[in-house]
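In what follows, a structure is listed as C-alpha cells, so that the remarks can point back to it.
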Amino acid sequence: MSDDAADAFTYNGGRVDPGETANIRYGISETYLGDPVRIPVTIINGEQAGPTVFLSAAAHGDELNGIEVVREVAHEWDLADLRGTLVCMPVLNVPGFLAQQRYLPIYDRDLNRSFPGHEDSTSAKRMAHRIFTNFVEPCDLGIDLHTSTRGRTNMLHVRADMADDEVSRLANAFSSNVIISSDGPSGTLRREASDAGVPTITIEMGEAHRFQRRLIDRALDGVRSVLAEYGLLAQEAVSWPGWRTVVEDNDEKTWLRADAGGMVDMHFECGSLVHEGDRICTITSPFKEDNTAVEAPFTGVLVGILENPVVYPGNPLCHLVELDEPTRRALERDQTPTAVDAPANA
Ligand SMILES: [Zn+2]
C-alpha cells in the first residue's frame, strides 16, 4: 500500500527499489527436460509513492492483443513521473503461448481456473501459485487482458463484479462502453485476486491470434484512464467513453444460437447497433437455398460475433446486449460509419 515515502517492491528472490525498473524472467515451473519455465515480468517502481498495479495478459496462451498493451505500457510509455508501481506480465501462460493454444498443454488445464493456486497441487496450480503470491497479492489493483475464444471476436468490454465498490470504481475508470457484471467463475485471476483484496477487472478485446491495432489503442487509453483515476499518472485525466451500458448477470444478454447447421453470412460488424427485427445473419446451405434468417429479438449492441463462419445447430452466432433508449441514442450519436470497435483487420 502507499505510504508517504515510496517502498521497494519485493518478491521471492528480489527487490525493485523506488526509481528502478527491472526486467525479470521468473521461474514458475520446469519442462520435461528440466529447463525452467519462466514468465517475463517488468516491474517499474516510481520514485514517488502510490498504488501498486498489475497488468497481465495471455493467461490464455493464444490471446495476444493484451500482450502488446502490457508491453507498450512497460516499454514505450514515459513513466518518469510515475507515482506508484506497475507490475507488467505480458505472457502469464508461457507453455500455452509457445504452443499458440488457449490452455496449458499439460493435460489441457486452464490456467485461468487455477488461481490462486497451491504450492503442492497440480502443475497448473503450482504455476498459478507462484504468479499469485509474488506478483498479484502484493498489488492494490489489477487488470487482466483477454480476447474472445478462437473463432469468435468481441468488442472491447470490461468484465467486473459491479456489486463490489472497489472493483466497480476500477471498471468505471477503464472507460469502456460496455461493462458486463458478474463475480466471475472461481479460479479466474480476476475473481480470486478480488477476493484476496486486490480489486481486478478483465478486459475482453477482439480475436485470438491477432494484434489488432485499434483495439490495442483503445485498451491503452483505458489503462491510462485507470492510472489517472488512482493517481499513478497525475498529469493524465480520467476519460468517459461517450456512452455506457452496464449489463447485470440477470439482465437481457443473449448469445443467439444457430437452429440450423450451415455457413453463416454475417450482416453486421462487431460493435454494431442492431434494431429489433433486423436480420443479423443468414445461415446458408451448400446450395444457397433453404436459408435460415436470424433476426434480432430486441434492440441492442453486438458485443461478440463468430468469425469462423460455420455452425452446427446450437453453436453461438453472436452476443447481443440490450440497450435502453437513452443509451441507444447516445450510441447512435457516437457511432461512426465503420462500427465502433470493429476489428481493424476484419
Ligand atoms: Zn481468455
Side-chain angles (χ1 to χ4, degrees), residues 28 39-40 54-71 88-117 124-125 127-128 131-132 135-136 142-161 167 170-171 174 176 178-194 198 200-212 215-216 218-220 222-223 247 249 253 255 270-271 303-308 316 318-319 321 341 343:
I28 59 166
I39 61 165
F54 80 82
L55 303 175
S56 58
H60 293 133
D62 61 353
E63 300 181 359
L64 309 186
N65 278 326
I67 296 175
E68 190 55 19
V69 174
V70 177
R71 288 197 311 165
C88 298
M89 297 178 279
V91 183
L92 289 179
N93 180 353
V94 165
F97 176 72
L98 294 176
Q100 281 299 287
Q101 68 177 45
R102 178 181 179 84
Y103 298 123
L104 287 162
I106 311 121
Y107 305 120
D108 279 342
R109 288 196 192 267
D110 189 344
L111 181 61
N112 204 33
R113 295 291 184 280
S114 303
F115 291 102
K125 287 191 173 174
M127 291 184 211
I131 295 167
F132 202 83
F135 302 114
V136 173
I143 300 172
D144 187 34
L145 296 133
H146 288 252
T147 74
S148 198
T149 306
R150 186 179 58 176
R152 300 185 215 157
T153 189
N154 53 36
M155 66 185 290
L156 188 148
H157 67 274
V158 170
R159 294 185 182 222
D161 181 5
V167 174
L170 173 57
F174 195 86
S176 66
V178 174
I179 299 172
I180 296 178
S181 179
S182 75
D183 53 5
S186 65
T188 56
L189 182 51
R190 83 167 161 98
R191 164 80 178 264
E192 300 301 335
S194 297
V198 185
T200 297
I201 58 173
T202 297
I203 310 304
E204 294 282 346
M205 48 188 290
E207 292 176 73
H209 300 283
R210 300 277 185 276
F211 276 170
Q212 295 172 285
L215 291 169
I216 291 165
R218 284 288 301 273
L220 286 165
V223 172
V247 186
D249 232 357
K253 60 160 189 177
W255 271 98
C270 191
V303 170
I305 61 172
L306 89 170
E307 284 281 317
N308 186 8
C318 62
H319 183 186
V321 163
D341 290 324

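In what follows, every heavy atom counts, from backbone to side chain, and hydrogens, waters and symmetry copies are set aside. Throughout, numbering of the chain's residues begins at 1 and tracks the sequence. We count ligands from 1, going down the list as the structure has it; atoms in each ligand are counted the same way.
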Option from Ile39, Val70, Ile67 for which side-chain contact (heavy atoms from CB on, under 4.5 Å) with Val91 holds: Ile67
Which pair of heavy atoms, one from Leu170 and one from Gly142, lies closest together, and at what distance? CD2-O, 3.5 Å
Distance-only side-chain donor-acceptor flag, Ser182 / Arg190, under 3.5 Å: yes
Among the N, O or S atoms of His146, which one sits nearest to the Zn ion (ligand 1)? ND1
Of all N, O or S atoms in Glu63, the one closest to the Zn ion (ligand 1) is OE1
By atom name, which N, O or S atom belonging to His60 lies closest to the Zn ion (ligand 1)? ND1
dist Thr188:OG1 -> His146:NE2 (nearest 0.5 Å) comes out at 8.0 Å
